[in-house]
2 protein chains.
Amino acid sequence: MTERAAEDPAARRRRKRPTMRDVAREAGVALRTVSRVVNDDPTVGPHLVTRVRAAITALDYAPDERAQQLRRGVSGTIGAAVRNLADAHPVLSAVDQAARQARLTVLAMSTEDEEEREREAVMSMCRRRVDGIIIEPISTNHQYLAAELESGMPLVAVDRPTGGVAADAVLSDNAAGIGMAFRHLVLHGHHRIAYIGDDERIFTGRERAAAFRACVAANGGTIDGLVHPGFVSPDRVAAALDAVLRGNPPATALITGNVATTIEVLRRLGAEAGRLAIVGFDDFPLADILRPGVTVIAQDSAVIGRTAIELLLARTADPDRPVRNVTVPVELIPRGSGELRPPP
Amino acid sequence: MTERAAEDPAARRRRKRPTMRDVAREAGVALRTVSRVVNDDPTVGPHLVTRVRAAITALDYAPDERAQQLRRGVSGTIGAAVRNLADAHPVLSAVDQAARQARLTVLAMSTEDEEEREREAVMSMCRRRVDGIIIEPISTNHQYLAAELESGMPLVAVDRPTGGVAADAVLSDNAAGIGMAFRHLVLHGHHRIAYIGDDERIFTGRERAAAFRACVAANGGTIDGLVHPGFVSPDRVAAALDAVLRGNPPATALITGNVATTIEVLRRLGAEAGRLAIVGFDDFPLADILRPGVTVIAQDSAVIGRTAIELLLARTADPDRPVRNVTVPVELIPRGSGELRPPP
DNA sequence: ATGAAAGCGCTAACAT
DNA sequence: ATGTTAGCGCTTTCAT
């Protein structure tokens, strides 16, 4: 790690940040007039507007948003509690864009998949008096938010619902997705289809595993040795994959319940990836350039993000409206891995 | 998209958010005492502490951070202007963690790779009076920040330097990385090595292309038809790849200057990926499960992120310290694609 | 050990 | 059309 000191006028003078009062003095007008100009109030004479603008430029004045917020009562900011800042749920992009269109700033904080961090992040947002919160829940018990919800804080859960308190949520249609995957594989000639996915303590893990069991049952099969929910770790996925491949008879197709599992399975399979038909839940970048391409059930991030903001704004407008859960359809994207036929 | 209304006690009462004054009234003490308790001032009698705590709990009081910040003069927040919220530079995770350890909150805003958005985001952070800004520069001219820098706003550029104003920066060792990639390929028997990368108007594109040219020259070769910098689009990459493969003689190895290019090349190559030795600049998830695995020059995100926060804090402590540029070493990770030998 | 009062920088009644 | 004044919710002298 190399350091290099660059040129720097050592005698750089620090200027204190100018306030609105300074601008008023500079322009020779009242504070209120500056405020009017800053807020584009049309009732200011053009002459003064010019003078104030000049003063603002001369002093490099920028209003203090904290003071504005404090006084105005709204923050113009919504909080987003996401799992990881560098690799957030793709809906966050959509949330961000939709928020911008609603002239709202997004304050993103990471939860690192830890309940306590989630709580810290969300409470910090509340203390900042954000105008609403989008949360990708980690915790299963959000009682700690009861007071906030009661005092009208709009909160929208994404991907998973909140627990213990009623809040708006926008979820993907997990059951339909698993159904699509299952039928797709059956259609391609598979009879022994297995499932490896998240721990059933996690909402999506629970929903997807349950949907899978229902599919097997509806198809008149038995689920013995075919369903492998659990914590996603290389070892566990490896063991589950092993059980699936060495079953009697072995499964010829696999549904993976989340991206981490899909990737771990592919990593494990390596060169033998073509040996097993695979449909993964949730799309991921590069799924199309793997060989074979990975067939996935894709969530509609754009719609989810937009819907989340809509629910947020609706609740802001009417804090007493009934709580809503919106389910967004998913889509099967065939890319090769899900279209593999079983060996004869 | 299905909607479902959930149970909701229609007559839910909205409680106004309690202020410190409310807590004081509830506890029967002065405002100042509540403030003391909230800030863990030890000079409050244990009896009153208990009473105040009880009132805080009873009212579900949480201090308004905006007001605290306004009064205290610091925000406890640093801004991070990143390209995209859902797919930020991996250093952001490291920044986030390092910031948390420094008891700072990260306010992330996206620039969407647009200069104007960058400016909006950064200025918005300034108006929020954040304690510092981490920026992944899009713009090449940051004169608009001159006043802020002058009034002491700590600003650290990551991955690329700022333009037009002197600011701290932490950069990867682009030249060394290209050098490592080039030597690695030479070592594996390649004589015709090509480069496809970013537009040279972008800092990293410029540095990497220049380093590549230097390598070719040092190796006694000519660069005719081997260097293809430019805007990263599927068409342009396809054309460049075509030129590389149909050269006379064709190149047997390729260095790609960024992840987008690497992926576009792999997508284009498809099943023929084994035909060309490839070393990509910047690591990416799944590089290890592609076949062959993709050999990359990896940046040390953790170090970059930590260093960025260090520079930020150092400047906060001493706004007059000389501007520093820190260069962080990169690493070559062999995974297969870079170890392919040229056809005989 | 506790409290009264003065702001932080701004907006919004309410004059004029 | 412009200015005066009272807060937003908090921290912080300065008394007591």
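Computed from a predicted model, the values in this text were never measured in an experiment. Here is the naming used below: chain letters follow the sequence lines, and residue numbers restart at 1 for every chain. In what follows, every heavy atom counts, from backbone to side chain, and hydrogens, waters and symmetry copies are set aside.
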Report the residue from [options] that forms a side chain to side chain contact (heavy atoms under 4.5 Å, CB included) with [X].
X      : options                        : answer
B:I78  : B:V106, B:V130, B:D96          : B:V106
A:V328 : A:L171, A:V91, A:V303, A:V158  : A:V303
A:D131 : A:L312, A:L313, A:T316, A:L104 : A:L104

Can you tell me if [X] and [Y] form a side-chain donor-acceptor pair at under 3.5 Å?
X      : Y      : value
B:N84  : A:S93  : yes
B:T77  : A:R128 : yes
A:N39  : A:R72  : yes
B:D41  : B:T43  : yes
B:Y144 : B:E118 : yes

Any residue meeting salt bridge (Lys or Arg N to Asp or Glu O under 4.0 Å) with A:R21, in chain and number order, not counting sequence neighbours: none
So what does B:T33 hit on the nucleic acid, given a heavy-atom distance under 4.0 Å: a base, only sugar-phosphate, or nothing? sugar-phosphate
Heavy-atom contacts under 4.0 Å between residues 50-58 of chain A and DNA chain D, which residues? none
With five pairs defining each end axis, the helix from C:dA1-D:dT16 to C:dT16-D:dA1 comes out bent, to 10°, by 40°
Does any non-hydrogen side-chain atom of B:T50 lie less than 4.5 Å from one of B:R53? no
Restricting to side-chain hydrogen bond (donor to acceptor under 3.5 Å, both in side chains), what partner residues turn up for A:E112, sequence neighbours left out? A:S110
Could you give the distance from CZ (B:R100) to CD (B:Q97), rounded to the nearest 0.5 Å? 6.0 Å
Summarise how protein sits on nucleotides 7-16 of chain C as a single string, 5' to 3': B when a protein heavy atom is under 4.0 Å from the base, S for sugar-phosphate-only contact, - for no contact. BBBBBBB---
Going 5' to 3' along DNA chain D, which are the first and last nucleotides with any atom under 4.0 Å from a heavy atom of chain A? D:dA1 to D:dG9
